[in-house]
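These notes concern the structure reproduced below.
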Amino acid sequence: MQPIRFIHAAGFRLDSPYSGLRDPSAAVDERLRAAPFEAFRNLQALCEAEAPDFLLIAGGVFELADRSIHAQLAFRDGLAAIVGAGVPVYLAHGPTDPAAAWLPTIDWPEGVHVMGGRPDWYPIVRDGETIALLQGASQLSGTLHGPSAAEFETTSNGDVFTVGLVGQITAANDDEPDPLDSLPVLHYWALGPEQNGALQSDSSRRIVTAGPTQALSPAESGPHGCYVVKCDEAGRAGPDFVALDSVRWDSVTVNISNLTPDELIPIARRAALDALAGSDGRDLVCRLALTGNAPADIPDIDHLLKGLRDSVHFDRPWVWIDRIENLTTTTLDPPAPGSTPLLTALHTRFASLAEDGAPRGLVSSVSSGMPSGPLNADADDDDPGEMARLLRDARDIAVQRLSPGRSGRS
Amino acid sequence: MRITGLNVENYGPFVGLPPMDLSTQLTIFAGPNEAGKSALRAFISMVLFGRRRSNAPDARWFNYSHAGGGAGRGSVEMESGGRNYTVHRREGSAPTVSDGDSTSGEELLNALIGRIDGALYQRVFSINLTELQDLNLLTDERVKGRIYSAGLGLGAVSLPDIKKAIEDERSTAGGLWSERKGRLRAGLEELATWTANLDLARSELHSYESLNGQITALSADISKAEGLRRDLDTERERLRRVEDLRAPWEALGQLRRQLENLPDTDAFPPDGVDQLDRLTARIESLSNTIRDGDLEQRRRDDQAEKLPLIESFELHDRAIRDVVDETVVYERLIRDLPGREQVRMEVESDLKTKLQELGPDWDESRVSTFADTAGARAEIRRAGRTLEAAKQQLDDARNAADSADREAEGRRRDLQLATVATEQLVDAPPYTVTEIQTRRGLLEQLRRANNDRESYARDMRDIETRAALPGTGRPVSLPRIMPAITALAGLALLAWGVTTNEISAIAGGGLALAATVALWFLTSRSGAQETSASGRPIVDHLRELRALLEKSAVDTERLAEALGLESAPAGRDVQLALDEVGLDLEARREFDRRQEVVRLADEALQKAEAELHMLTGKYAVATAEAEADDERWRETLRRWTLDEGLDLTAANDLIAGVEQLNVVLARADTERQRVNGIEAEIDRIDRDLMAVMEATGSPVPPPRLGLAALNELKRTHEAERQARVELRTFGQLERDWAAAREAHEEQLDTLKRTRSNLMAGVGVESEDDFRRLGEARANRFIAEGQIRDRETDNPLLVSPEGEPYREDLAGLSSEEVIVRLGELGVEIETLDTSVLELHGDRRASQEKRRALEESNPVAELQSEITVLTEQVLADADRWAVLTIAGQLIEKASRRFQDQRQAPLLRSASGYFERMTIGEYASVQEVIGEDRLLVVHRSGATKDVTELSRGTVEQLFLALRFALIEEYCRNTEPMPVLLDDVLVNFDPVRARAAASAIIDLSQQHQVIALTCHPDTVAMFSEAAKAAGVEPPYVANLPSHMPELTAGRDPATFEQPVAPAPGDSPPAPADPAGSQRPRTRSLL
């Protein structure tokens, strides 16, 4: 068995929108929109640098709903550059970029091999000698099931490295036995990004999911990229992760217990810059969560966010603070002796609500005149943390406004 | 907070009102209408809360014009928390608050009045009839809210305002959500719009492939249309070509037909007509030349016959020309002659006059002779100048001799005076100055030697003196003597002791010897160590001084000997001698100087006398020379026959006169010669003229009158000479013409023969026939050229390729071609439009496809939607938080209000029952309707609208008292202002109300304003009945608009100021407790 080296990538999500940013600046918006393309260009550069024997793309080139002609043509042109560098490409369409979603007229460059709807074998030849056997399949439509595990087969040729390529293998229902068990044994299985209900990576069996190559939401923190897989004579595949992303996402937690208001911005700034330092020279979008016991006179969050943004010099690489979430302790202290009657009453009421966990019901009771919207659609009644936050914010507003001397004369 | 005093500086009718003290319980300002009670109420409001805004509902009750002009101002004294403050305000400005130690501003004032604002104060604490009758008062949510806010301990925070602010942000058009507007609603609507746009943009993705198909189909349509277009273009081009060829084609045919009809002209020379024209022109020209020459010759013959020729003039032409040439000279001579004669006569007259002036013995001959002898004139002048020079030298020698004589006399006097002055110095020393100076030098040396000797002696004495003093040295001999003395004494004692065997003497001698040894040792040590003041050892110094002293003595002796003295003189004598020598030196120097003056005077005298002698000799020589020159002068005059008595000047004058006369004489001779010459010339010309005139037979003019004859002769001679020249020219011309005419006739014959030969060559005899034949040849030539040109320009008319065109030209008419071209134009235009549209469609499709390829509107829309979604989520979150906060605040405050409502109404019920003397038992609120009911003592209820006016006012006064108590339960109490609130009460209920007010004043400061004296009495009685201090009463006078300090004080009273620590002060007499305490304000 000849040693080979290939790259396994998936989930470029070209032209897919980012989400979860409240008021990004124009520069941040432009950078984030270009980030998936830049990750794809980074893959091209990686192919030129590593000169692998072949490149496997396991779907996820775009998101089905956000597919664009621009993305498809850019992908095609990028593949042309890769095969132009002498790296053959094997492409399997996945559930987010099924074959039917591609432009019918798109012409793939020579050297790009697109998997069909059913698993099939493709010999991969180097210098006239077959170095690997590839068994791959594409998902043809977004509405149809993709190839099932049972459709793949093993091979009797044990002298050649075998690799499977498929965007996704879904479990048809909960009753179905683990499809992984039905997958034939190959030296390496190259799968696309994990989806809901999709199979998870199983490193012990060399079933590896790749992608996405670029994070597009606060939930996708950390590095994103592809795998460079090296296989030895014994057929052992060793995938090494290589980051391709150009913008990182991160969440930073800052414990503000025992801090004075004047210390908030410097401490938060330090935390943001530390996160930026850990982003390997990439730009960083981060959310800041304040935890711990909040000072009594914590500044307005918007004011704090603006001050923090102003304190962080926006230069390459930059860090963009999307928002600051106040996750400080929500425990209500009992009213101090001599508190005003209303504050005492408010405390009692809030304490009761906090115990009941029923602010959501309160909101619902007064929002009957409001049509369905994000509030009704997205609010999670079962999220005790969210409810606690709502309650705490409401309490803050009430206390702030009712405190003499804070809101001035009416 | 309680008001303790007022200081109205300028407000309403008050100007410079004296400071007023107020009771901290009840103060009554009493006075008639327009006394200024309401102005005081407004003044307090102005100081505490500022001037009302002009658009405030109650502005007209509180904003006064001020009698003092300008802005109202003044101060209010107040007490709060045990401290006193003074609040001063000027309308339109911020207040100043002073506590005696420091001054603050609005913030402190707000704190002192519990942060209550003017409007709320007015609604709660300030009560007048109008406000009392305000039925909306108790349902005013703002008032209720503020009351409860105060009850809730929120201080100046208004609970209604908070709820309103939350509700404004949550559910108003300017907030998050309302029926039709709101930021959240707008965000959702915008989100829907963007989402729709996103769907639309996504749908465009599907059009990409159809775009490709459209572009392909359009490209095919374009290709097809463009092919058809090219065919039509080809046909149109061919037909246009046919039509372009039609005209030359038709012209070519016509030319060819024309050529066939022309005669054969091959023998006709190419330039035959030109030759004929040239020959004919030359023949005609020659004929004309001959004719013109003949005419000219006949004209010249006629002119020759008319020429003015005179025969005699030809014979005497030379003489005539000579005399005529003299005409100008003759004319000038005749004209100048009179003038020259006049000049001559004037010169002769002048000559005659000057001769008479010179003297009778002078005539033209003598003058001419004298004037011609220039040497005589020069000799006389030279002799005269010599004589003058000799006389001048004689005068100079005489003057010099006189001057030398006077100089010599002066020098004699100088010598005499100097000699006398010298002779007067009889005491002058006999020595020379050098000798005296030498003597003085010796004396000077002698004086210095004496001084040195004295100095040396003095120094030696000083050294010796210092050596003798303890510690300063002593004489050199003393140390040496002392050991010797003690040694002699010791030896003597020893000797005497040995001699006498006296032990004591022996011992004394031993002791003396020991002392001798000691003294010797000490003396030797001290002597070796002592020095003089100069630092040198004394012994050496003394030795040196002594040597100098001796040398000085020797020098003195030597100098004395040199001066011729027997011994050295003392210093005083030397100084006297020096003085004497100095006098001698001065005397000798003066004597020497005077002797020098005498010597110089003697030398000058000798020199002057020598000069006088020399000048005297010169004078004698000059006298002799002058006499000789005088004689020579006379001799010269005599030689030139002139008077010997003439001096040089007179002789010169005479010679000048003769010379001038000689000039006049020469001029007279010149003029005489000129006149004679003119007359001789005139005569000669007259003679020549007479000879010519006689020879030509012309009349002879008289002498000197021939000028006219000369001029006529000149003119006639000139004309005759000109005629003769012309006659010769005519002859030459006649000969020339005869020769030329012969040559012309020969040339004419030749030309005529050539023309005849030309015409005969082409077979014609006349010029017209020849020319017609020539024209035919030219037309043929032109036609052939045009045919060639058309064939060259339009090769298709003759080439094989042009055959189809020629067939079309032959087969199609021009009209048919034009019609077809028109049809083609329409077809092409239609096709072009179609192609353009196809191109436009394809370009648009391509642009659309390129836009789809290059950009992703979906992504841009997604970005917008992402941001918008986050904003909507944030707004929704905010809405939820506000909703929770508002609901909880509402519920909490409602519950609190519910809890406090009963005590409020209970309190109001108590006041109401008290004011109505128990007629009504209580006040109730209709739950859910915000209205009140009163409960009669019988248990029946009544709506407020069923009560009398007075009872309604009592009800609301009770409610206001309850509100005041409620408000002040948890915040700063404020003074209550009552403005005649009892006027509508019956006396019984008024007294009851007064009693209630007295009770209220024990807890809250009350300031009552009234124009009813009974009210004052009522309050006093109520106070007395309650056993409390009587109210302070400040009586305001009537007609206050212009009240100022210094006006009648009798009617203006103010409360007695309470003494410190005794507030309020006790009345002056026991009965005073029943009367109001009053005091003049001034």
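Chain letters run A, B, ... following the sequence lines, proteins first and then strands; every chain starts at 1. Computation of the quantities below employed the complete heavy-atom set of this structure, encompassing side-chain atoms and omitting hydrogens, waters and symmetry-equivalent molecules.
Residues forming a ring pair (Phe, Tyr, Trp, His ring centres under 6.0 Å) with Tyr18(A) (at least two apart in sequence, or on another chain): none. Shown here are the ring pair (Phe, Tyr, Trp, His ring centres under 6.0 Å) partners of Trp194(B), two or more places apart in sequence or in another chain: there are none.
For Phe37(A) and His70(A), the distance between ring centers is under 6.0 angstrom.
When each of Ala71(A), Pro104(A), Ser19(A) is checked for heavy-atom pairs under 4.5 Å with chain B, Pro104(A) comes out on top. Ranked by heavy-atom pairs under 4.5 Å with chain A, the first of Gln862(B), Gln871(B), Arg849(B) is Gln862(B).
Side-chain atoms of Arg41(A) and Ser246(A) include no donor-acceptor pair closer than 3.5 Å.
Proximity to chain A (any heavy atom under 4.5 Å) is shown, for Glu864(B), by neither the backbone nor the side chain. Interface residue Leu73(A): only side-chain heavy atoms are found under 4.5 Å from chain B. Only the side chain of Asp29(A) has a heavy atom closer than 4.5 Å to any heavy atom of chain B. With a 4.5 Å cut-off on non-hydrogen atoms, Ala74(A) does not touch chain B at all. In this structure, the portions of Arg22(A) lying under 4.5 Å from any heavy atom of chain B include both its backbone and its side chain.
Taking a cutoff of 4.0 Å between a charged side-chain nitrogen and a carboxylate oxygen, Lys164(B) and Glu167(B) do not qualify as a salt bridge.
Judged purely by atom type and a 3.5 angstrom limit, Arg13(A) has no side-chain atom pairing as donor or acceptor with the backbone of Pro36(A).
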